[in-house]
Amino acid sequence: MALFSNIIISPKPFVLSCSYQNTHLSKTPQNTKQDAIFKIKGPATLSGHITISGSKNSSLALIAATLCCSGSSLLHNVPNISDIQAMASILCSLGAKVESFDGKMMVNSDGVGKIEVDLEEMRKIRGGFFVIGPLVARFGEAVVALPGGCNIGKRPVDLHLRGLRALGAVVELRDGKVCAHTANGKGLVGGRFRLDYPSVGATETLMMAASMADGITLLSNVAKEPEVVDLARFLNDSGASIEGAGSDTLVIRGKSQLYGSECVIRPDRIEAGTFMIAAAITRSCISMSPVIPSRVSCLIDKLSEAGCKISQVDQHTLRVSAVPELYPGDDLKSFGIKTSPFPGFPTDLQPQIMALLTTCTGSSLVEESVFDNRMSHARELQKLGARIQVNGNSAIVFGKDKGSSLCGSRVIARDLRGGASLILAGLAAKGTTEIHKIEHIERGYENIVTKLQNLGADIERSTLPSLSSLV
Ligand code: UD1
């Protein structure tokens, strides 16, 4: 609580109780066949300051973790985005009470009376799958759909399931659903499990499950992502005993009961990173807070390598400057990236960096090593005039000294972060860029239009007759 007790939570629309609706996100009636789009007129120059919202991925994990807790949990700084609303709906469908107001979310899951998750909601978001851990651990049983979310690769859940089996759960796949229960009416038991790959989601599922298992659990080769640290902090504040979060080994002493606690969601490092890249791609200077600089250090290094000046104004404020005076006679220089688990370069910023690299001098290599199909934004960036050669999970991006300069066009957001890369490219492109399928972007960015408008961008959200022929 102490670190971010100075966060000012901006008033947000009151949403819901137990029938979560996307109140501000889908104003278009379903039967009118209209598409919401973003229209951007570029090139933009940005200036000013923005407030970074609470982390989407931390919020999703913590909302799932409230299922472990008796009594009420209160989360502050929860972003009002459709993924969070879907997650809240999942909890409601189980019988939990969820109230959301002014960026706060209060959850009480004492009334959970169902162990089968609403499959439609579940298919919308990857994070929904995380409820399998708490449900089995606290209620002894769970039936969940195979997860949804962005279409960026195979995204199996074998590590979640094998880990749960290592804690004594019986797990079966039936009719596209995952059915898990504890054996012989007993609870989960502590055990040892080594993840083949440091999966963020599997680490989080198993942390929640092991926190309520009988005995000690040792998890090795776990994810070190900041969102894992945030989850451990919340669970520990709720009475769990998790040691080692942020390292590759977790020691978890199971407790028979956890109790709801209060937590401020840390700022979203991917949103912060997206705005840092927005400053770079528009050759502008903006500041942002709250940011935890150590969580974006990899991006700070890369942008600095390109020629941007990044300064820490105070403990939680960063200023990113890419104004042309910084590099007279030249321009931002290209650089290569290879995505990898934290503290490596985040896969969730790869598409946005690719957009930036199309405007830098020289050519660069972008390698995606976390997901096996995360390059679909390249095709859309090409529609804006970018020169990118994709080869499997790598891409060579030819910067503007090879004649590439972005021009507005009509493009489609094919996933959340790919969609963000199109916004960034649209800000840099000459003319008007129309982005379709923005529901992908609205899954993860709170008030992105207003935030960009406040920085001086010419961007608006509007509706058009459905253009399904585009897809
Ligand atoms: C989380 C984030 C997502 C981010 C990703 C990697 C949430 C809601 N989403 O997703 O934004 O891009 O971490 O930082 O927090 N894998 C397996 N078996 C499993 C689980 C994963 O093989 O059981 C593989 C995946 O196919 C992928 C890799 O591990 O290739 C990383 O996936 P993972 O870390 O699990 O990502 P998510 O938790 O789904």
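We count ligands from 1, going down the list as the structure has it; atoms in each ligand are counted the same way.
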* Should the ring pair H160 and F129 be called parallel, tilted or perpendicular, given that the plane angle runs from 0 to 90° and is split at 30 and 60? ->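 Perpendicular: the ring planes of H160 and F129 meet at over 60°.
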* To do: Applying side chain to side chain contact (heavy atoms under 4.5 Å, CB included) between S394 and each of M375, K338, E367, report the one that passes.
  =>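 With S394 as partner, side chain to side chain contact (heavy atoms under 4.5 Å, CB included) holds for just one option, E367.
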Would [X] count as being in polar contact with ligand 1, using the rule that some N or O on each side must be under 3.5 angstrom apart?
X	value
E204	no
K56	no
F371	no

Atoms in ligand 1 flagged as close to [X], the criterion being non-hydrogen separation under 4.0 Å:
X	answer
G201	35 (O), 38 (O)
R374	12 (O)
H160	23 (O)
V370	27 (C), 28 (C), 30 (O), 31 (C)
V157	19 (C), 23 (O)
D348	3 (C), 4 (C), 11 (O), 12 (O)

* Determine, stepwise, if the pair S53 / K451 fulfils side-chain hydrogen bond (donor to acceptor under 3.5 Å, both in side chains). => CA-CA 11 Å; S53 300; K451 287 185 182 186; 2.8 Å; yes
Checking [X] side chain against [Y] main chain: does a donor-acceptor pair fall under 3.5 Å?
X	Y	answer
S369	T339	yes
D268	E271	yes
E442	Y445	no
E446	N80	yes

Given [options], which one has a non-hydrogen atom that is nearest to [atom]?
atom	options	answer
atom 31 (C) of ligand 1	F129, F130, Y197	Y197
atom 20 (C) of ligand 1	A223, P198, P156	P156
atom 21 (C) of ligand 1	S340, S199, P346	S199

* May I ask you to say whether D415 pairs ionically with R443, meaning some side-chain N is under 4.0 Å from a carboxylate O? =>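 Between R443 and D415 there is no salt bridge, as every charged N stays at least 4.0 Å from the carboxylate O atoms.
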* Which one holds for V200 and ligand 1: side chain close, backbone close, both close, or neither close, with close meaning a heavy atom under 4.0 Å? -> both
* Does a side chain donor of either T347 or R374 reach within less than 3.5 Å of an acceptor in the other side chain? ->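 The criterion, which ignores hydrogens and geometry beyond distance, is satisfied for R374 and T347.
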